[in-house]
Amino acid sequence: MNPTKIVATLGPASESEDMIRALIDVGLDVARLNFSHGTHEGHEAALARVRRVADERKLHLAVLGDLCGPKLRIGRIAPGAVLRRGDECRIVRQPLDGDAQRFSTNHAAVIDEAQVGHRLLIDDGLIQLRIIGKERDELTCRCDVGGKISSAKGLILPDTDLSLPSLTEKDERDVAWAIAHQLDYLALSFVRRADDVISLRERLNIAGANIPIVSKIETPQAIEHLDDIIRVSDALLVARGDLGVMTDLTRVPLLQKDMIARCSLAGRPVIVATQMLQSMVDQPTPTRAEVSDVANAVFDGADAVMLSAETASGQYPLEALKVMNQITQGVADYQRRSMRGRGEAPGAVGSASDASAAHDSAVGAGHDRAFDDAQSRRSSIRLVGADMDPTTAAVARSAANVAADLDADWIAIWCRTGTTAAWISKYRPRRAIVGFSSDPQVCHRLSLLYGVIPYRIEAARTDVRAMLLEAARALGLPPVAAQGLPSAAAQGLPSAAAPGLSSVAAQGAMDADSPAGSIASSPSSRPVTAHVAGRAPLKVSEALVLLVGNPQATRREPVISIHRIGA
């Protein structure tokens, strides 16, 4: 299994049923509907195809709706207009048929809020202006970087904190459509502060919709308020395109690493997006730099990587997704080999910072290995999600650590909301994680989480062993499949403990997930029998299981117990 999830944008090149089927077959986890393009009718048809094909394949795919957000644009301009370096031009309040020397915008407040010295960028920064004078109804600008200028091109003011609404009238219509069609995630564009996210959350709550919000980070204001935004968001998207225009382009790699690290500590999924395989819009193969870019996003700790124009309108959508899958799978394989090379247990827990340290050491960064290892251990002391719910964060970390100590093969989590799955995922146990839920929408949402395989199961199940074995058979995981993928389980029914095996209790309240987790140990990657913690060797058809919580409980269950199950 490829633990890094792949988000692909649907569009003219990829929205047919045959293409959606092909994309799913080569690794699609999350389908993105971009509300900046297309119609509700077209999105509805694409959504129906995704759901239909996923049902055919018995898979759970998430669908992400991406809101446009406020879009600043210049007004009408006569054809053939050109601005040259050193030219002066005026931006006026009232709409008019303009030219290169005088034109308007679709947001008159720009005249009031922009100040002398501020920059104005047109067409993604291809044309760069600076304000040198201001009057009541117009701004005077000097052109620093010139070019052809035409009607309705995008306008960006990176130095100005504009009083734009977080949701436009179009966004309101798109939100209503997303609620009606039960999308799994909503991405909010041009987030500047936590209040923008809270405003959308209130809109969803009024409608009785519990759709997780993905905050797109693409403005300097968002960077300034990043921790507050992470706290109120369900996930983050590193929108490197606008971020590279709105901030210093050379800072984008550093901002990417910082955002991923902060999301890792907060237990929030994070998507890295924009121009990851841009050359594959027109070419069947990527550049070497693009391959390195995708790989480094995974090394940084991204939960998911995203394709935009590559799959929406490019000539090679299927090839682009295949390449993305190969790169991310290759990084996962490398990380597992690297851990074995450093003498760590195959199930060892690794945070995003641990993975980065391992990568630096393995490629010969020139640091002392003992120092790197010490730094990694020190950095892992902080609990993922501790700022939100330290008790549940501690239980999640304990489950991941027990999985490592027992050399577990797969981790399963009984999920009511998916929060605990996100936190365990952030510890990056080098094993597959199975998210059990009776709620199909929760299963869909789990598709975004690093290393998590969604698995739907009936809520009324009382036979935990049968539930685990059913999932193992369906997913090809141990103990049923001798050559199955390495894996681990978390979930819980303490009364089902097998004779002769000890139990471990973790006291304290659990979160709304009542995280359930079982840890199964199988000899799929070991000899035919294997000793665990000095006990009798396990047979090839047996698994050691750690259960956390209770899928039958209506209250929170802070119990961890160990069981042995067999096929």
Side-chain angles (χ1 to χ4, degrees), residues 2 4-15 19 22-23 26-38 64 66 68-69 71 121-128 145 147 153-154 156 187 189-190 214 216-219 236-257 259-260 270-300 302-331:
N2 186 352
T4 303
K5 301 308 177 73
I6 299 176
V7 183
T9 306
L10 300 185
S14 56
E15 59 191 6
M19 181 56 74
L23 293 173
V26 299
L28 175 66
D29 297 294
V30 181
R32 173 179 175 245
L33 302 178
N34 185 0
F35 291 132
S36 294
H37 304 284
L64 166 70
D66 196 337
C68 300
K71 299 286 188 183
L121 311 179
I122 298 174
D123 196 8
D124 290 335
L126 295 180
I127 297 174
Q128 300 180 16
V145 178
K153 288 296 183 182
I156 296 174
S189 295
F190 297 103
V214 180
K216 295 172 67 176
I217 306 302
E218 48 199 329
T219 68
L236 243 64
L237 189 149
V238 185
R240 303 181 306 177
D242 283 298
L243 194 62
V245 175
M246 299 280 280
T247 65
D248 181 352
L249 182 62
T250 61
R251 291 185 61 214
V252 171
L254 305 179
L255 293 172
Q256 173 179 306
K257 289 178 181 293
M259 281 186 267
I260 292 173
V270 56
I271 305 165
V272 175
T274 317
Q275 295 182 335
M276 301 215 80
L277 297 175
Q278 183 68 22
S279 68
M280 293 194 73
V281 171
D282 302 305
Q283 303 294 332
T285 57
T287 67
R288 278 67 173 164
E290 288 169 340
V291 172
S292 295
D293 178 42
V294 174
N296 280 315
V298 181
F299 279 123
D300 288 345
D303 291 79
V305 287
M306 191 174 101
L307 295 166
S308 299
E310 299 96 329
T311 52
S313 57
Q315 298 182 43
Y316 302 95
L318 185 59
E319 290 79 1
L321 203 144
K322 282 182 180 178
V323 167
M324 186 76 88
N325 192 40
Q326 290 169 354
I327 298 167
T328 54
Q329 182 65 67
V331 172

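- Taking each heavy atom of Leu28 and Ala8 in turn, the nearest pair found is CD1-CB, 3.5 Å.
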task: Would you please test Ile6 and Asp29 for side-chain contact (heavy atoms from CB on, under 4.5 Å) and show each step?
output: CA-CA 5 Å; Ile6 299 176; Asp29 297 294; 4.1 Å; yes
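- Between Val214 and Leu64 there is a side-chain heavy-atom pair separated by less than 4.5 Å.
- Interatomic distance, CD of Glu218 versus CG of Leu255, reported as 13.0 Å (0.5 Å rounding).
- Ser313 has its side chain out of reach of His37: every pair of non-hydrogen atoms, C-beta onward, lies at least 4.5 Å apart.
- Here the side chains of Asp242 and Thr219 are not in contact, with every heavy-atom distance at 4.5 Å or above.
- Contact between Ala312 and Ser14 at its shortest, heavy atoms only, is CA-OG, 4.1 Å.
- The distance from atom CD of Glu290 to atom CD of Gln283, rounded to the nearest 0.5 Å, is 10.0 Å.
- The distance from atom CD1 of Ile327 to atom NZ of Lys322, rounded to the nearest 0.5 Å, is 14.0 Å.
- Of all non-hydrogen atoms in Ser189 and Asp66, the two that sit nearest each other are OG-OD1, 3.5 Å.
- At a threshold of 4.5 Å between non-hydrogen side-chain atoms, the residues Thr9 and Thr311 count as touching.
- A distance-only check finds no donor-acceptor pair linking the side chain of Asp300 to the backbone of Ala302 [under 3.5 Å].
- Side-chain polar atoms of Arg240 and Gln256 form a donor-acceptor pair below 3.5 angstrom.
- To the nearest 0.5 Å, atom NZ of residue Lys153 and atom CG of residue Leu121 are 14.5 Å apart.
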message: Test side-chain contact (heavy atoms from CB on, under 4.5 Å) on Arg32 and Ser308; report intermediate values, then the result.
response: CA-CA 9 Å; Arg32 173 179 175 245; Ser308 299; 3.8 Å; yes
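- Between the side chain of Gln329 and the backbone N or O of Asn2, at least one donor-acceptor pair lies under 3.5 Å.
- Of the inter-residue distances, the one linking Met19 atom CE with Leu318 atom CG reads 5.5 Å to the nearest 0.5 angstrom.
- To the nearest 0.5 Å, the span separating NZ on Lys5 from CG on Asn325 amounts to 11.5 Å.
- No donor-acceptor pair under 3.5 Å is formed between the side chain of Glu310 and the backbone N or O of Ala320.
- Closest approach of Val323 to Pro286, counting heavy atoms only: CG1-CG, 3.8 Å.
- Looking at Leu126 and Ile122, their side chains never come closer than 4.5 Å, going by heavy atoms from C-beta outward.
- Smallest separation of non-hydrogen atoms from Pro284 and Glu319: O-CB, 4.3 Å.
- Listed here is the closest heavy atom pair of Ala31 and Leu10: CB-CD1, 4.1 Å.
- Side-chain contact between Asp293 and Gln278 is absent, with no heavy-atom pair separated by less than 4.5 Å.
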